[in-house]
Amino acid sequence: MYSEKDIASFVYKEPLLDKIIGLKPVTWINPNRKTMLEMPDFSISMKDILESEGLWERFAPFFMEAFPETKNTQGILESPLKEISSMRNFLNKQNPKIEGRLFLKCDNKLPIAGSIKARGGFFEVLSHAEKLALKAGLLKDDYRAFTSSEFKEFFNKHKIGVGSTGNLGLSIGIISAAIGFQVTVYMSADAKPWKKDLLREKGVRVVEFSGDFSEAILAGREQTKKDPTAYFVDDENSNDLFLGYSVGALRIARQLEADNIQVDAQHPLFVYSPCGVGGSPGGTAFGLKQIYGDHVHCFFVEPTHSPAVLVGLLTGENSKISVQDFGIDNKTEADGLAVGRPSSFATSISSHLISGLYTMEDQTLYNLLTQLMDTENVFLEPSATAGLIGPHRVLSTDYAKINNLNMKNATHIVWATGGNLVPEIERKEFYERGLATVGNK
Ligand SMILES: *Cc1c(COP(=O)(O)O)cnc(C)c1O
């Protein structure tokens with residue numbers, strides 16, 4: 001716990017905290033970012049990312065069998081990288097203007113889970129399932145066996161637990177149920193009713209909490225740990241989630257190559273990722289850094305009401321400190337970002353490699369959602385739109401100048417992290433909410 005004096009001393013040392021506490025949108029450039037030469041050794045490396053990709057390949061036949069919608073990609077779950085020139089033109093009605101190209105990484109279109117959680121969440125559950133099946137001597141070469149009744153019976157004796165604000169619960173719930181696990185999702189108070197309904201339909205046990213994400217995780221962790229046959233997916237400290245996300249970097253690199261887009265000293269790459277506990281943006285940033293080194297510039301985005309990673313990094317306290325310690329309420333409409341405390345594993349790595357982080361208000365998320373629908377006819381959930389103002393925010397700082405970057409040749413990628421499972425009624429509501437204030441900004 002932190003005393004009032006501790007908090008005052010953090011604010012004294014880091015005046016930006018004053019604005020953050022006042023819920024003002026801020027843009028922070030990371031003074032601790034290391035070049036690749038200075039980068040410390042981490043507990044994971046490129047080798048781990050490549051091995052993680054191997055797991056997806058082994059499970060591809062399972063996906064084709066269990067989820068026929070993955071047949072035309074041979075059981076590989078991937079999303080398009082889409083150039084959004086109309087949105088770029090729209091954004092360029094304001095200064096400073098984006099000179100390079102603007103892309104959307106459409107993880108809203110990831111099969112089955114419709115969000116970036118299909119990367120991390122599926123990976124961790126499949127990796128656990130594979131270990132159990134190998135240990136039991138059940139698994140031979142053919143991973144289609146994971147759809148057999150023999151496997152289902154086996155996995156039905158094992159349990160999975162997870163704490164979630166929604167999307168992680170959806171992804172873990174759906175894949176665990178498909179494998180046959182008994183799965184319990186501990187949902188925070190802000191989780192949407194349709195997400196709980198959808199999970200229950202799939203046979204997932206949903207436990208609701210009146211508290212926020214950290215409380216849901218805490219309760220879930222305690223309940224799950226009591227049972228030796230149970231495994232807890234711990235979003236506040238997970239190596240496997242991180243690795244699952246990191247594979248996204250390999251895939252995006254191949255997509256850029258296929259589109260003949262260069263990334264080098266003369267062609268900088270900027271990536272803007274919505275951030276909750278910091279696992280998905282951290283994992284993908286870690287992978288991108290392994291591939292592109294100093295030529296990739298990764299920025300995270302958080303809601304003004306939930307700047308968990310920013311507060312952790314600014315104070316250097318990482319996951320020890322929460323937004324509530326600063327009197328910030330962690331109340332945001334941005335599902336998946338309503339997080340008061342960052343992941344300790346992810347944050348310890350990201351602290352060295354991210355270029356910066358900015359915060360924004362919920363209403364701006366809705367405005368962007370509406371504008372993206374109008375210009376590109378792409379629907380995203382509110383959280384997933386957060387990266388769209390990234391270029392503008394970064395160009396408003398002296399980051400490009402200080403780092404001597406050729407912005408005319410820049411490629412900007414906005415990581416769209418979710419949206420496909422959102423029901424039609426909610427889509428309309430979100431759109432209307434943005435429409436109501438677009439133009440009044
Ligand atoms: C979970 C989530 C994020 C953030 O991922 P973290 O690993 O929590 O940082 C971003 N966008 C959406 C839509 C999410 O569900």
Side-chain angles (χ1 to χ4, degrees), residues 51-52 54-68 70 75 77 111-113 117-164 166-188 191 195-209 216-244 279:
E51 273 175 24
S52 304
L55 179 126
W56 289 110
E57 279 156 16
R58 293 195 293 282
F59 271 95
F62 158 78
F63 276 108
M64 283 204 274
E65 194 92 354
F67 300 96
T70 66
L77 279 52
I112 309 163
K117 299 296 191 304
R119 297 185 189 279
F122 285 12
F123 181 85
E124 180 151 359
V125 171
L126 295 178
S127 164
H128 177 61
E130 185 184 52
K131 281 189 198 113
L132 288 176
L134 283 171
K135 204 169 148 206
L138 273 177
L139 186 58
K140 307 285 170 327
D141 293 339
D142 190 352
Y143 278 56
R144 280 175 302 185
F146 280 93
T147 61
S148 69
S149 50
E150 186 197 4
F151 272 51
K152 291 256 153 63
E153 238 169 75
F154 170 73
F155 284 112
N156 204 248
K157 297 190 201 90
H158 294 85
K159 301 191 182 105
I160 300 260
V162 65
S164 175
N167 285 347
L168 185 64
L170 277 182
S171 92
I172 301 281
I174 293 171
I175 198 73
S176 301
I179 293 279
F181 284 112
Q182 292 183 47
V183 51
T184 307
V185 177
Y186 299 84
M187 286 279 202
S188 54
K195 295 190 178 176
K196 298 174 197 168
D197 294 344
L198 196 141
L199 282 173
R200 288 186 174 122
E201 255 167 52
K202 305 222 180 255
V204 175
R205 192 171 148 248
V206 177
V207 180
E208 298 173 49
F209 281 89
I217 288 200
L218 189 67
R221 195 187 284 132
E222 277 172 3
Q223 292 290 322
T224 311
K225 292 253 157 92
K226 274 189 208 154
D227 183 341
T229 67
Y231 176 88
F232 188 66
V233 178
D234 198 333
D235 203 17
E236 286 189 332
N237 194 16
S238 168
N239 205 320
D240 272 355
L241 284 175
F242 194 87
L243 283 173

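Computed from heavy atoms alone, side chains included, the values below leave out hydrogens, waters and symmetry copies.
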Would you say [X] and [Y] make side-chain contact, with heavy atoms under 4.5 Å?
X	Y	result
I172	K117	no
T147	F62	yes
L168	L241	yes
H158	H128	no
I174	K202	yes
T184	Q223	no
L199	K195	no

Next on the checklist: Could you go through D234 and R221, starting from their C-alpha distance and side-chain angles, then the distance that decides it, and tell me whether this counts as side-chain contact (heavy atoms from CB on, under 4.5 Å)?
Outcome noted: CA-CA 7 Å; D234 198 333; R221 195 187 284 132; 2.6 Å; yes
For the student: nearest non-hydrogen atoms of [X] and [Y], plus distance:
X	Y	answer
N167	S164	N-OG, 3.9 Å
P111	A118	O-CB, 4.2 Å
A133	F151	CB-CE2, 4.1 Å
S52	L243	OG-CB, 3.6 Å
L139	D142	CD1-O, 4.3 Å

Next on the checklist: Holding to salt bridge (Lys or Arg N to Asp or Glu O under 4.0 Å), I want the full list of residues that pass it with E51, two or more places apart in sequence or in another chain.
Outcome noted: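 For E51 the salt bridge (Lys or Arg N to Asp or Glu O under 4.0 Å) partners, ignoring immediate neighbours, are K47.
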Spacing of [X] atom [atom1] and [Y] atom [atom2] [to the nearest 0.5 Å]:
X	Y	atom1	atom2	value
I112	L77	CD1	CG	4.5 Å
K140	L134	NZ	CG	10.0 Å
E153	L138	CD	CG	10.5 Å
R58	E130	CZ	CD	4.0 Å
R119	F242	CZ	CZ	14.0 Å

Checklist entry - Crowded around K152 NZ? As in, over 12 foreign heavy atoms under 6.0 Å? => result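 Yes - once you tally the heavy atoms of other residues, nucleotides and ligands closer than 6.0 Å, there are more than 12.
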Next on the checklist: Please determine whether the number of non-hydrogen atoms from other residues, nucleotides or ligands lying under 6.0 Å from atom CG of D141 exceeds 12.
Outcome noted: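 Check fails, neighbour count at 12 or below.
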Holding to side chain to side chain contact (heavy atoms under 4.5 Å, CB included), I want the full list of residues that pass it with [X], two or more places apart in sequence or in another chain.
X	answer
E57	E53, I76
A129	F146, F155, I179, F181
K131	S127, D240

Next on the checklist: Please tell me whether S238 and E124 have a donor and an acceptor in their side chains that are separated by less than 3.5 angstrom.
Outcome noted: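 Side chains of S238 and E124: pair found under 3.5 Å.
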Checklist entry - What residue pairs, at least two apart or across chains, pass side chain to side chain donor-acceptor pair (under 3.5 Å) with a residue in residues 169-183? => result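 Listed by first then second residue: nothing to list.
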Item to check | Test applied, side-chain contact (heavy atoms from CB on, under 4.5 Å); reference residue, I217; option that passes from F209, F232, Y186 | outcome: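 Only one option passes, and that is F232.
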Checklist entry - In terms of the angle between their ring planes, are F122 and W56 parallel, tilted or perpendicular, with boundaries placed at 30° and 60°? => result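 Ring orientation of F122 relative to W56: tilted.
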Next on the checklist: List the residues meeting side-chain hydrogen bond (donor to acceptor under 3.5 Å, both in side chains) with N237, not counting sequence neighbours, and say none if there are none.
Outcome noted: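 In terms of side-chain hydrogen bond (donor to acceptor under 3.5 Å, both in side chains), with neighbours along the sequence ignored, N237 is linked to S344.
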Next on the checklist: With a 3.5 Å distance limit and no angle check, can you tell me whether T70 reaches the backbone of F63 through a side-chain donor-acceptor pair?
Outcome noted: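 Yes; judged by distance alone, with no hydrogens or angles, the pair exists.
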Checklist entry - Would E208 and R200 pass as an ion pair if we require N to O under 4.0 Å? => result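 Salt bridge: yes.
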